[in-house]
Amino acid sequence: MKIDIELLRRLENSIDTYNPETGEVPIKILGYGEISLVFEIVGDPEQLAYKRIPIFDNEEQVERHIWAYNEYSRILSKEVGLNIPEYDVAWFKDENEKIRFYCVQKKVMSESVGNRVIHELSEGDINSLVLLVMRDMKKVWEYSNNHDTIDLGLDGQISNFAVIGYDPKNPKIYDNTELNYFDTSTPMFRQNGEEAMDAKLFLKSTPSFLRYLVKVAFLDEVVDRYYDWRLVTIDLIANFFKEQKSELIPGLIQQINEFFEQEASEFDIKAITFEEVQKYYTNDKRIWVIFQNSRKIDRFIKTKILRKQYDFYLPGKIKR
Ligand SMILES: Nc1ncnc2c1ncn2[C@@H]1O[C@H](COP(=O)(O)OP(=O)(O)O)[C@@H](O)[C@H]1O
Ligand SMILES: [Mg+2]
């Protein structure tokens, strides 16, 4: 993969965490994650998506993360059989010796990403899309069941999948449609029960005044839920609240419960109810609103009062 490190250096030197698209190197934001900012460089002939992850203090952490990222991507694509865009990493130390790190991927067409396509597809095709997601997830949990030493997790949000061969002018899901899964920058796998990624790094984006609280209250719960297929599925369904498509939820739940019963009966997964998805969503929303607001306060203190640098890009208002 051809990655222009000098260009990335210039980008980081002219950083503006309030208005990331107006710096010296023109970028276009493709998405915000919980800790990462995903962007492309305008006019890049390579068509790459950069996921900027500002959480590393030393090279040892970087090396471990690169290993976990490569291994997770390899297992998912080569062994589990998911489609993953071509990937690489890039990193360097800037002039202040700060580590700048990116997971890099071939860009997929933005219109084909799950949270976009569900606003274009018919209800029947949305159901087919969700079924494709469930079948991809089944491969992941089947793999874990068949491998004693490895446990795989997945973030099953609809925004982590893209429809291969999607035509924005004729939005459809066909019998042979396949999906890309691209959220691999937070590797979710355990070897002999040990988390491949240093889970403490998740906390790096948490304001220090909240860190202790999050660690005690949520960290294990937050990480564990990515390894539990039923919880990952509830999270997927709850996306439809966030995307203002709650009218589809009862139908989706019914289809998913049928899927568990017919296509994945060996997993013995208890049927999902509307009430529990709703409760999960309300709770999840509350956690993230507290989290995002406290990050804004943290950013204000760091940049406006202490006149220090703030490393994270924060999304604007998220409609939930
Ligand atoms: N390879 C890619 N091509 C195009 N857009 C992408 C790509 N990877 C991520 N994105 C966009 O950025 C968003 C966040 O990326 P993701 O990998 O899911 O990271 P996070 O862990 O932060 O959720 C995605 O929902 C998608 O809209
Ligand atoms: Mg994601």
Side-chain angles (χ1 to χ4, degrees), residues 1-3 20-21 27-42 44-56 65 68-70 72-73 76-77 82-90 101-120 129 133 136-137 140 153-166 168 178-189 196-197 199 201-206 222-223 225-226 232-233 235-236 238-240 242-243 284 287-288 291-292 295 311-316 318-320:
M1 220 174 243
K2 266 231 233 38
I3 299 168
E21 286 184 324
I27 61 170
K28 192 170 154 243
I29 292 175
L30 298 171
Y32 285 99
E34 263 104 58
I35 46 180
S36 66
L37 168 84
V38 186
F39 63 87
E40 64 179 318
I41 296 173
V42 175
D44 173 16
E46 295 284 310
Q47 298 264 308
L48 301 177
Y50 292 86
K51 309 189 187 193
R52 179 181 184 271
I53 308 183
I55 56 175
F56 302 106
H65 197 78
Y69 170 74
N70 282 333
Y72 185 58
S73 305
L76 285 184
S77 58
L82 299 192
N83 299 304
I84 298 208
E86 199 188 321
Y87 58 91
D88 204 344
V89 295
F101 182 90
Y102 311 84
C103 290
V104 190
Q105 259 176 1
K106 273 282 179 210
K107 196 190 148 204
V108 301
M109 196 206 320
S110 292
E111 291 90 336
S112 73
V113 176
N115 56 319
R116 296 274 297 267
V117 305
I118 60 169
H119 294 283
E120 307 299 330
L129 173 69
V133 171
D136 270 356
M137 293 210 259
V140 172
L154 199 80
D155 181 347
Q157 303 246 329
I158 200 74
S159 60
N160 292 335
F161 292 87
V163 178
I164 297 176
Y166 183 76
E178 291 192 21
L179 305 178
N180 260 320
Y181 178 79
F182 50 71
D183 196 345
T184 52
S185 56
T186 313
M188 293 284 175
F189 76 102
M197 181 178 162
L201 290 176
F202 283 116
L203 290 174
K204 285 303 284 288
S205 72
T206 316
V222 167
V223 176
R225 79 172 188 210
Y226 293 103
V232 170
T233 305
D235 193 35
L236 166 69
N239 278 177
F240 288 79
K242 179 167 153 202
E243 297 293 337
D284 193 60
I287 293 175
W288 284 114
F291 185 60
Q292 291 297 358
R295 289 173 77 191
D311 278 333
F312 298 93
Y313 292 103
L314 303 182
I318 303 172
K319 205 151 126 217
R320 281 174 186 266

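Just the heavy atoms: all of them, side chains too, but no hydrogens, waters or symmetry mates, feed the values below. Whatever order the structure lists them in is the order used to number ligands and atoms, beginning at 1.
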key: the Mg ion (ligand 2) to nearest N/O/S of Ser159 less than 2.8 Å   = no
request  = Determine which of the N, O or S atoms in Asp183 is closest to the Mg ion (ligand 2) and give its atom name.
outcome  = OD2
request  = Would you tell me which option among Ala49, Ser110, Pro85, Ser185 has the nearest heavy-atom contact to atom 7 (C) of ligand 1?
outcome  = Ala49
ask   = N/O of Lys106 under 3.5 Å from N/O of ligand 1, yes or no?
value = yes
ask   = At a 4.0 Å threshold, what atoms of ligand 1 neighbour a non-hydrogen atom of Lys107?
value = 1 (N), 3 (N), 4 (C)
remark   = Near Asn160 (heavy-atom distance under 4.0 Å), the atoms of ligand 1 are 18 (O)
message = I'd like to check the side-chain hydrogen bond (donor to acceptor under 3.5 Å, both in side chains) partners of Asn180; sequence neighbours left out, ordered by chain and number.
response = none
query = Does Arg116 have a heavy atom less than 4.0 Å from any atom of ligand 1?
reply = no
request  = Let me know which of Gln47, Glu86, Lys51 forms a side chain to side chain donor-acceptor pair (under 3.5 Å) with Gln105.
outcome  = Lys51
Pairwise distance CZ(Arg225) to CE(Met188) - rounded to 0.5 angstrom = 9.5 Å
query = For ligand 1, which part of Lys51 has a heavy atom less than 4.0 Å away: the side chain, the backbone, both, or neither?
reply = side chain
request  = Give the contacting part of Val38 toward ligand 1: side chain, backbone, both or neither, where contact means a heavy-atom distance below 4.0 Å.
outcome  = side chain
task = Could you tell me which residues satisfy ring pair (Phe, Tyr, Trp, His ring centres under 6.0 Å) with Tyr72, sequence neighbours excluded, listed by chain and number?
result = none
